[in-house]
Number of protein chains: 2
Amino acid sequence: MTTQAPPPDAAPAHSIGLARLAGLLADRTRAAFCLALLDGRAWTAGELAAYARVAPSSASEHLTRLTEGGLLVEHRQGRHRYVQLASPRVAELIEGLTAHLDPPAERPSGLRAVNASAALARGRTCYDHLAGRLGVAVTDAMTGRGLIDQDGGFALTGAGRTWFAEALATDTATLRAGRRPTARGCLDWTERRQHLAGVAGARLCAGLLERAWIRRVGSGRAVRLTSTGAAALRDLLGLDAEAAGLL
Amino acid sequence: MTTQAPPPDAAPAHSIGLARLAGLLADRTRAAFCLALLDGRAWTAGELAAYARVAPSSASEHLTRLTEGGLLVEHRQGRHRYVQLASPRVAELIEGLTAHLDPPAERPSGLRAVNASAALARGRTCYDHLAGRLGVAVTDAMTGRGLIDQDGGFALTGAGRTWFAEALATDTATLRAGRRPTARGCLDWTERRQHLAGVAGARLCAGLLERAWIRRVGSGRAVRLTSTGAAALRDLLGLDAEAAGLL
DNA sequence: GCCTTGTTTCGGGCCCGGCCGAAACGTGCC
DNA sequence: GGCACGTTTCGGCCGGGCCCGAAACAAGGC
């Protein structure tokens with residue numbers, strides 16, 4: 001007899017599920033796939049293979065595992081196999097894990113790499129919302145204006161809801177659609193600060209793209225604030241884009 | 001040339017870290033250890049070995065991997081090796097993963113198992129805060145009284161902060177200690193609903209235990225509401241413990 | 001001192017799962 | 001039809017990791 005009380009069916013069925021889920025991400029190549037797919041777009045199998053530098057055959061097998069595991073959904077079109085993250089929940093799952101990686105240490109080498117990573121640090125999308133200095137600066141500005149409460153947790157305030165209605169012409173009723181939280185903090189791995197995620201974060205990002213206040217740069221996930229966007233953010237949030245290093 | 005822009009150092013160093021972190025949980029035995037340790041207490045190596053039904057030697061190796069990976073901390077005392085989760089952050093990490101497991105399906109067999117799992121479903125601790133029907137009911141009552149905002153995210157309101165000061169004699173200044181969020185929603189895997197976690201959740205649980213409003217039952221993580229506790233919750237939150245099936 | 005008990009280290013066996021290349025399949029283009 | 005290209009399946013190789021048992025270490029208890 002031990003001092004502990006081991007339940008009759010000691011190892012719970014739960015542990016098997018947890019191990020299997022973790023196992024999906026417990027491989028360098030699959031992890032790279034998921035991180036790449038965090039940009040929210042659909043990639044083809046070949047693109048992912050090239051990105052992770054593995055043979056197409058290897059990539060194919062990994063993708064079937066990830067889709068069967070429920071992390072990815074696929075969509076065949078012609079001779080292409082497009083895959084993307086199955087849902088915002090999956091994106092949150094992966095974000096949540098990466099937030100627990102100790103050091104943001106990572107020093108790029110080579111001029112193109114430096115430029116690319118500087119652009120990413122300035123602003124980028126994180127699945128369907130904004131991240132990087134841009135995402136954090138907007139979140140901070142909204143917090144400063146009382147639109148977001150970061151003091152007692154992370155939530156959109158009443159004022160924040162009306163701001164969405166007025167500034168972005170959002171139907172506020174749809175801000176709480178389904179089970180997905182209206183607002184959520186997402187830890188930024190370059191800034192180590194929270195930025196706005198959840199339904200509101202997605203709306204904000206979509207709204208800015210729609211109005212061409214931000215624009216995707218290159219083919220990746222980096223985004224750049226446009227000059228009209230900078231003016232709009234100064235107007236709506238009192239955000240000084242230049243001082244925040246967003247230009 | 002592909003249509004995608006693969007960065008020169010294609011597979012980011014990040015993916016290695018993610019894979020390694022996930023790998024720590026990608027084993028049935030280690031997953032079982034972590035789930036057991038979610039009760040927040042320190043277990044000895046032997047207890048965990050018996051719990052997961054593996055040889056002590058296997059358990060030992062798993063524990064060194066988990067501690068070296070930063071998920072566990074150990075504390076040697078005499079000939080015992082006590083381990084526990086390294087921090088609330090780790091508990092959140094594991095909770096976050098388990099929240100993504102599809103079905104809560106799990107049907108216990110045997111009378112003792114049924115009793116045990118019924119007690120767990122009624123009320124239990126989840127690392128350092130309350131979960132089960134008890135945790136969800138308290139959270140709902142607090143939400144109904146405007147102490148918690150679950151509408152725009154998950155946050156403790158101003159009224160909630162004063163409630164902590166008055167009802168639990170908490171120093172509200174310490175409610176935002178360090179980087180840990182004041183309030184956080186934690187998805188309950190029996191109820192599939194959010195309950196209060198974060199610093200406030202820990203304070204609440206500690207406060208109730210201190211006042212003997214709840215009491216640990218058995219040696220596990222199950223807790224039971226006492227009769228004075230039921231009266232107190234009716235007083236402070238208007239919560240009808242009997243109607244909520246907490247007795 | 002000896003014995004018990006909790007833990008660790010080591011060796012060995014086994015199997016899973018990663019990778020690749022070659023070949024087959026399907027689709028779209030010409 | 002024929003060709004090119006993206007993808008998948010299969011076989012084979014190989015390394016890593018999970019398990020155990022036996023033996024070696026502590027740390028108490030006597």
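Quick caveat: nothing in here was measured; it's all calculated off a predicted structure. Here is how names work: the chains are called A, B, and so on, in the same order as the sequence lines, proteins then strands, and each is numbered from 1.
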Near-ring test B:Trp43/B:Tyr51, centroid separation under 6.0 angstrom: yes

Base-contact (B) and sugar-phosphate-only (S) positions in nucleotides 16-22 of chain C, heavy-atom cut-off under 4.0 Å, - elsewhere: -SSSBB-

Separation of C:dT7 P from B:Phe33 CZ (nearest whole Å): 11 Å

Separation of C:dT7 C1' from B:Glu47 CD (nearest whole Å): 13 Å

B:Asp128 with B:Arg180: basic N within carboxylate O range, under 4.0 Å: yes

Under 3.5 Å: donor-acceptor pair, side chain of B:Thr226, backbone of B:Ala212: yes

Atom-to-atom span, CG of B:Leu63 to P of D:dG17 - whole angstrom: 17 Å

Ionic contact status for A:Arg184 with A:Glu95, cut-off 4.0 Å: yes

Spatial distance of atom CG (B:Leu48) from atom NE2 (B:His62) [nearest 0.5 Å]: 11.0 Å

Rounded interatomic separation in angstrom, taking CH2 from B:Trp43 and P from C:dT7: 13 Å

Reported OG1-to-CD distance for the pair B:Thr139 and B:Glu191, which is rounded to 0.5 angstrom: 11.0 Å

N/O donor-acceptor pair under 3.5 Å between A:Arg124 side chain and A:Arg224 backbone: no

Residues within residues 70-81 of chain A bordering DNA chain D, heavy-atom distance below 4.0 Å: A:Arg76, A:Arg79, A:His80, A:Arg81

Separation of C:dT8 C1' from B:Leu48 CG (nearest whole Å): 16 Å

Trace of the side chain to side chain donor-acceptor pair (under 3.5 Å) decision for B:Arg203 with B:Thr174: CA-CA 10 Å; B:Arg203 284 308 163 80; B:Thr174 66; 2.9 Å; yes

